[in-house]
Amino acid sequence: MHSNSGVSVQIQGLKKYFGKIKALDGISIDFTPGILHGVIGPAGAGKTTLLRVMLSLFEKDGGHIQYNIDGDAVSVEAVMQHLAYMPEKQSLYADLSIKEHLQFFASMYGLDHQTYVDRSRDLLEMTRLGKFLDRPAGKLSGGMYKKLGLMCALLRSPTIMLLDEPTNGVDPISRREFWDILNDFTKKNVTVIMTTAYMDEAERCECVHLMESGDVIGSGEPRSLLASESVGTFDEFFIKRDKGRG
């Protein structure tokens, strides 16, 4: 069992509109600590909008978001110092090396030298990028580039992580390594919330939240959700819903 300590998020009736488009149509989700949460759905489901509203990058048009640290309600500002965000399109510097990126982000987070040394060593070992310290970001493969972005986010040792399509466009080996890293963090009671359109990745999550057209159409443990619809995969889950509407 996971303890109750850490960062949890309760979302109730969350709405976000872009003109007549209902990007989030009154959704409710609970994100509990120490669990890898997958927000799963096709393009246009509202996954990225959800993360951006949670981060206050977009203003919500209705509903409520409550952050809690160790069970106590706190403001979004109080959570930000504990939070790592990895956007789908990362803004790394093409001419800066892996090492220079880590040093830059360590300085931005105000890490002392020893903390930086310890954390960067652990992250380089996790991502297997230690041999490429002097390689510029612009010359990294897609998988290595994403792992560098993840390292920069994790340098601050967050207790909550919001990752937008972190494995999109990544080779299968790097995708596997990504999942190993994320699973390691959930064991440390970090709340991991990641979006993906890859249906096969849903089954790797401890809890999934299925989104479609701005609605949450199911939340729970992956195998239980599949069993509830008598399907074997999440591709089949969405196809069956589409046919049911047809």
Side-chain angles (χ1 to χ4, degrees), residues 6-7 34-39 47-48 51-52 54-57 79-198 200-201 204-205:
V7 178
I35 286 180
L36 206 168
H37 293 267
V39 179
K47 305 184 300 295
T48 296
L51 296 191
R52 290 180 178 174
M54 288 174 67
L55 290 161
S56 297
L57 297 175
V79 169
M80 285 303 153
Q81 60 189 315
H82 302 277
L83 184 144
Y85 171 52
M86 185 174 162
E88 182 185 359
K89 292 182 174 64
Q90 295 167 275
S91 301
L92 300 178
Y93 302 96
D95 54 342
L96 289 189
S97 68
I98 288 177
K99 184 176 182 179
E100 288 167 333
H101 271 95
L102 293 174
Q103 290 172 335
F104 171 75
F105 277 89
S107 171
M108 195 166 73
Y109 297 147
L111 302 184
D112 63 67
H113 178 70
Q114 194 56 51
T115 301
Y116 161 70
V117 168
D118 292 343
R119 288 185 188 169
S120 60
R121 181 192 61 231
D122 291 345
L123 289 168
L124 287 164
E125 189 177 320
M126 268 186 184
T127 56
R128 302 181 190 173
L129 291 179
K131 293 182 287 187
F132 308 100
L133 275 176
D134 296 322
R135 185 173 296 185
K139 295 188 176 176
L140 298 176
S141 68
M144 292 167 77
Y145 189 90
K146 289 266 189 172
K147 284 194 281 188
L148 173 57
L150 184 63
M151 276 201 301
C152 293
L154 295 179
L155 254 186
R156 72 189 315 181
S157 195
T159 49
I160 179 169
M161 296 161 53
L162 272 55
L163 311 173
D164 196 8
E165 307 258 9
T167 56
N168 190 19
V170 172
D171 63 275
I173 292 172
S174 291
R175 276 174 72 185
R176 249 194 331 267
E177 290 173 351
F178 245 93
W179 281 96
D180 290 341
I181 292 167
L182 297 182
N183 283 321
D184 280 344
F185 272 84
T186 59
K187 288 171 189 167
K188 299 171 185 171
N189 210 40
V190 176
T191 306
V192 180
I193 303 167
M194 68 166 283
T195 70
T196 181
Y198 292 127
D200 60 310
E201 293 194 334
R204 291 173 173 261
C205 301

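The shown structure was predicted, so the numbers you read here are calculated from the model rather than taken from an experiment.
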Less than 4.0 Å between a side-chain N and a carboxylate O, is that true for D118 and R121?
yes
Of all pairs that satisfy salt bridge (charged side-chain N to carboxylate O under 4.0 Å, His left out), the ones with a partner from residues 132-147, not counting sequence neighbours:
K147-E177
Drop me the distance from [X]'s [atom1] to [Y]'s [atom2], to the nearest 0.5 angstrom.
{"X": "L129", "Y": "H101", "atom1": "CG", "atom2": "NE2", "answer": "12.0 Å"}
{"X": "F132", "Y": "L140", "atom1": "CZ", "atom2": "CG", "answer": "9.0 Å"}
{"X": "R52", "Y": "K47", "atom1": "CZ", "atom2": "NZ", "answer": "12.0 Å"}
{"X": "T127", "Y": "I98", "atom1": "OG1", "atom2": "CD1", "answer": "7.5 Å"}
{"X": "L51", "Y": "M194", "atom1": "CG", "atom2": "CE", "answer": "10.5 Å"}
{"X": "L36", "Y": "E201", "atom1": "CG", "atom2": "CD", "answer": "10.0 Å"}

N168 vs T196, side chain to side chain contact (heavy atoms under 4.5 Å, CB included): CA-CA, chis, key distance, verdict:
CA-CA 7 Å; N168 190 19; T196 181; over 6 Å; no
Which atoms form the tightest heavy-atom contact between [X] and [Y], and what is the distance?
{"X": "D171", "Y": "G143", "value": "OD1-CA, 4.0 Å"}
{"X": "S157", "Y": "R119", "value": "CB-CZ, 3.4 Å"}
{"X": "L55", "Y": "L83", "value": "CD2-CD2, 3.5 Å"}
{"X": "M54", "Y": "I193", "value": "CE-CD1, 3.8 Å"}
{"X": "A84", "Y": "A153", "value": "CB-O, 3.3 Å"}
{"X": "P166", "Y": "T195", "value": "CD-O, 3.5 Å"}

Determine whether L163 and L182 satisfy the following criterion, side chain to side chain contact (heavy atoms under 4.5 Å, CB included), listing intermediate values before the conclusion.
CA-CA 10 Å; L163 311 173; L182 297 182; 3.4 Å; yes
Between T48 and E88, is any side-chain donor less than 3.5 angstrom from a side-chain acceptor?
no
Does R175 qualify as a cation-pi partner of Y198, given the criterion of NZ or CZ under 6.0 Å from the six-membered ring centre and within 45 degrees of its axis?
yes
With S56 via side-chain contact (heavy atoms from CB on, under 4.5 Å) - residues at least two apart
V76
Residues that T159 engages under side-chain contact (heavy atoms from CB on, under 4.5 Å), provided they are two or more places apart
V7, H82
Say whether, by atom type as modelled, one donor and one acceptor occur between the side chain of [X] and the main chain of [Y] under 3.5 angstrom.
{"X": "Y85", "Y": "M80", "result": "no"}
{"X": "S107", "Y": "Q103", "result": "no"}
{"X": "S174", "Y": "V170", "result": "no"}

Between Y93 and F104, is the gap from one ring center to the other below 6.0 Å?
yes
Side chains of [X] and [Y] in contact at under 4.5 Å (non-hydrogen atoms):
{"X": "P136", "Y": "D95", "result": "no"}
{"X": "F185", "Y": "L154", "result": "yes"}
{"X": "T186", "Y": "I35", "result": "no"}

Under the criterion side chain to side chain contact (heavy atoms under 4.5 Å, CB included), I'd like the reasoning laid out for V117 against H113: C-alpha separation, chi angles, the key distance, then a yes or no.
CA-CA 6 Å; V117 168; H113 178 70; 3.5 Å; yes
